[in-house]
A.B. asks: 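Pasting a structure here, questions to come.
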Amino acid sequence: MRALRLDFEARRLAVADHAEPAETGAGQVRLRLIECGVCGTDRGVAEFEFGAPPAGETGLILGHEAVAVVEALGSGVSRLRVGQLVVPLVRRNCGPGCAMCSRGRRDNCLTGEYVERGIFGLHGYLCDFAVDHEDDLVPVPAELTDVAVLVEPASVVEKAWELALRLHPGEPRHVLVLGAGPIGILAAWCARSCGFEVTVLSRESEDSARAQLLIRNGVRYTQTLDGVGADIVIEACGSAALAVESMRVLRRLGVVILLGARPAEVRLPTLDMIIGNHILAASVNASFHHFELAVARLRSYDRSWLRPLLHRLPLAQAAETIVHPPGAAVKIVHRISD
Ligand code: BGC
């Protein structure tokens, strides 16, 4: 089958021929991949910043934002049927099966010995076929086919949003999202659909397509922190410095959630944080429950909020776009089959 394979020995990323996944075992299903989105994590893996091939192999198939159709069922599969549209979870339980993994919260794994499809130790989904356990697959209604590739990033947002609301001890109303990439825009839609006042801060000019998309749909857009006040800040821009700077507009009891800030030396405004009862937290990955919330949330949105985010290209171009994403597109999605 075709696969976007990162070779950790030859240090090469290319679409190449790859062995099909092993036979479908008990409880497993065989998937035919429809499409797979790419993100900054894929870039980090492709540039060997993090990530690892499966044990005993030198190559890793990339891709973790997948949409697939169930093609065949192994014995004992009860929840899924052939032809069902699904989105796979990214993370798989840690070896010892810690207290979090064994109660369905592998996104909060305690040991760090988990594996992640397309990232750490397991092949991903930028390929024709995959095999997964039915418990790792989230059913998606067919009506969501054209935007289902956003379920995985939206699940990351759902987890962060749930955390922010749980941590804030008061009555938050204003949300500031840092960054207008896919996670930032999905976070803005999520907070907006929950009735919050939302501001997105990003570097693109106000007449850029993504700023206009936000503004048209009731989100305030800014390139500076001037005049902004926030109860919740969702960092989705990669900048620790900006996340910390945003704390100067954080109201009392405010919560900042880091999602993508790169390691950096920053100076925390600890006195203001203490006096303001501020909470600085971080979040990664998502559980089955968050994937289900993401499916429901995406269903509730007007498609005009989502369709402009997606830019589809053939699988053959994946090696190029992961490393050099075309500028204006918000989310690059590689088509694998129809
Ligand atoms: C994925 C998460 C994953 C994280 C770190 C993100 O892009 O959405 O599921 O846990 O990368 O590997």
A.B. asks: Looking at His123 and Gly59, what are the two nearest heavy atoms and their distance?
C.D. replies: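 Nearest heavy atoms, His123 then Gly59: CE1-O, 3.2 Å.
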A.B. asks: Test salt bridge (Lys or Arg N to Asp or Glu O under 4.0 Å) on Asp136 and Arg92 and set out the steps.
C.D. replies: CA-CA 8 Å; Asp136 297 321; Arg92 302 290 176 268; 3.3 Å; yes
A.B. asks: State whether Arg252 and Asp231 are salt-bridged, where the test is any N-O pair (Lys NZ or Arg NE/NH1/NH2 against Asp/Glu carboxylate O) under 4.0 Å.
C.D. replies: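 No, this pair does not count.
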A.B. asks: Of all the heavy-atom pairs spanning Ala148 and Leu85, show the shortest one and how long it is.
C.D. replies: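 Heavy-atom minimum between the residues: CB-CD2, 4.5 Å.
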A.B. asks: So that I can tick it off, tell me whether Arg43 and Glu49 are bridged by a salt bridge, with the cut-off set at under 4.0 angstrom between side-chain N and carboxylate O.
C.D. replies: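 Arg43 and Glu49: not salt-bridged.
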A.B. asks: Taking the basic N atoms (NZ, or NE/NH1/NH2) and the acidic carboxylate oxygens, is any pair closer than 4.0 Å for Asp107 and Arg91?
C.D. replies: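 Here Asp107 does not pair with Arg91 in a salt bridge, since their nearest N and O are not under 4.0 Å apart.
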A.B. asks: Which pair of non-hydrogen atoms, one from Val330 and one from Leu309, has the smallest distance, and what is that distance?
C.D. replies: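 Between these two residues, the closest heavy atoms are CB-O, 3.5 Å.
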A.B. asks: More than 12 foreign heavy atoms under 6.0 Å from CZ of Arg312: is that the case here?
C.D. replies: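 Correct, the count exceeds 12.
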A.B. asks: Is the number of heavy atoms from other residues, nucleotides or ligands under 6.0 Å of Arg173 CZ greater than 12?
C.D. replies: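 No, the 6.0 Å shell around CZ holds no more than 12 heavy atoms from other groups.
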A.B. asks: Counting only N and O atoms by type, is there a donor-acceptor contact under 3.5 Å from the side chain of Arg192 to the main-chain atoms of Asn217?
C.D. replies: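 Answer holds: yes.
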A.B. asks: Angle class for the Trp305/Trp189 ring planes (parallel below 30°, perpendicular above 60°, tilted otherwise)?
C.D. replies: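 Trp305 and Trp189: tilted rings.
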A.B. asks: May I ask you to test the Pro96-Glu113 pair for a side-chain heavy-atom distance under 4.5 Å?
C.D. replies: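 Yes. Closest side-chain heavy atoms under 4.5 Å.
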A.B. asks: What I'd like to find out is whether the side chain of Val77 reaches to under 4.5 Å of the side chain of Gln28, using heavy atoms alone.
C.D. replies: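 The answer is no, as the side chains (C-beta and beyond) never meet within the 4.5 Å cut-off.
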A.B. asks: Under a 3.5 Å cutoff, is there a donor and acceptor pairing between the side chains of Arg30 and Thr24?
C.D. replies: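 No, no side-chain donor-acceptor contact under 3.5 Å.
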A.B. asks: Can Asp128 and Arg2 be counted as an ion pair, charged N to O under 4.0 angstrom?
C.D. replies: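 Looking at Arg2 together with Asp128, the answer is yes, because their closest N to O distance falls below 4.0 Å.
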A.B. asks: If you count the non-hydrogen atoms of other residues, nucleotides and ligands that lie under 6.0 Å from CZ in Arg79, is the total more than 12?
C.D. replies: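 Yes, CZ of Arg79 has more than 12 neighbouring heavy atoms, counting only those of other groups under 6.0 Å.
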A.B. asks: Determine the interplanar angle of the Phe120 and Phe50 rings, folded into 0 to 90°, and report it as parallel if under 30°, tilted if 30 to 60°, perpendicular if over 60°.
C.D. replies: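 Correct class here is tilted.
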A.B. asks: Atom CD in Glu235, atom CG in Leu176: separation rounded to 0.5 Å?
C.D. replies: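 Those atoms lie 11.0 Å apart.
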A.B. asks: Identify the heavy atoms of Val138 and Leu89 that sit nearest to each other, and give their distance.
C.D. replies: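 Nearest pair, atom of Val138 first, then Leu89: CG2-CD2, 3.8 Å.
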A.B. asks: Ignoring hydrogens and angles, tell me if any N or O in the side chain of Arg335 forms a donor-acceptor pair with the backbone of Ser337 under 3.5 Å.
C.D. replies: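 The answer is yes, because a donor-acceptor pair under 3.5 Å joins these two groups.
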A.B. asks: At their closest point, which heavy atom of Leu62 faces which heavy atom of Val45, and how far apart are they?
C.D. replies: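 Residues Leu62 and Val45, closest heavy atoms: CD2-CG1, 3.7 Å.
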A.B. asks: In terms of side-chain heavy atoms, does Asp132 have a donor or acceptor partner in Tyr125 at a distance below 3.5 Å?
C.D. replies: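 Yes, because at least one side-chain N or O of Asp132 sits under 3.5 Å from a partner of the opposite role on Tyr125.
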A.B. asks: Is the side chain of Glu65 donor-acceptor paired with the backbone N or O of Pro153 at a distance under 3.5 Å, no angle test?
C.D. replies: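 Checked: no pair found.
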A.B. asks: Could you tell me which residues satisfy ring pair (Phe, Tyr, Trp, His ring centres under 6.0 Å) with His174, sequence neighbours excluded, listed by chain and number?
C.D. replies: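 Partners of His174 by the ring pair (Phe, Tyr, Trp, His ring centres under 6.0 Å) criterion come out as none, since no residue qualifies.
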A.B. asks: Going by heavy atoms in the side chains, are Gln84 and Glu71 under 4.5 Å from each other?
C.D. replies: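 Gln84 vs Glu71: side chains apart.
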A.B. asks: I need the full list of ring pair (Phe, Tyr, Trp, His ring centres under 6.0 Å) pairs touching residues 263-297, with sequence neighbours left out, sorted by first then second residue.
C.D. replies: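 Every pair satisfying ring pair (Phe, Tyr, Trp, His ring centres under 6.0 Å) with a residue in residues 263-297: there are none.
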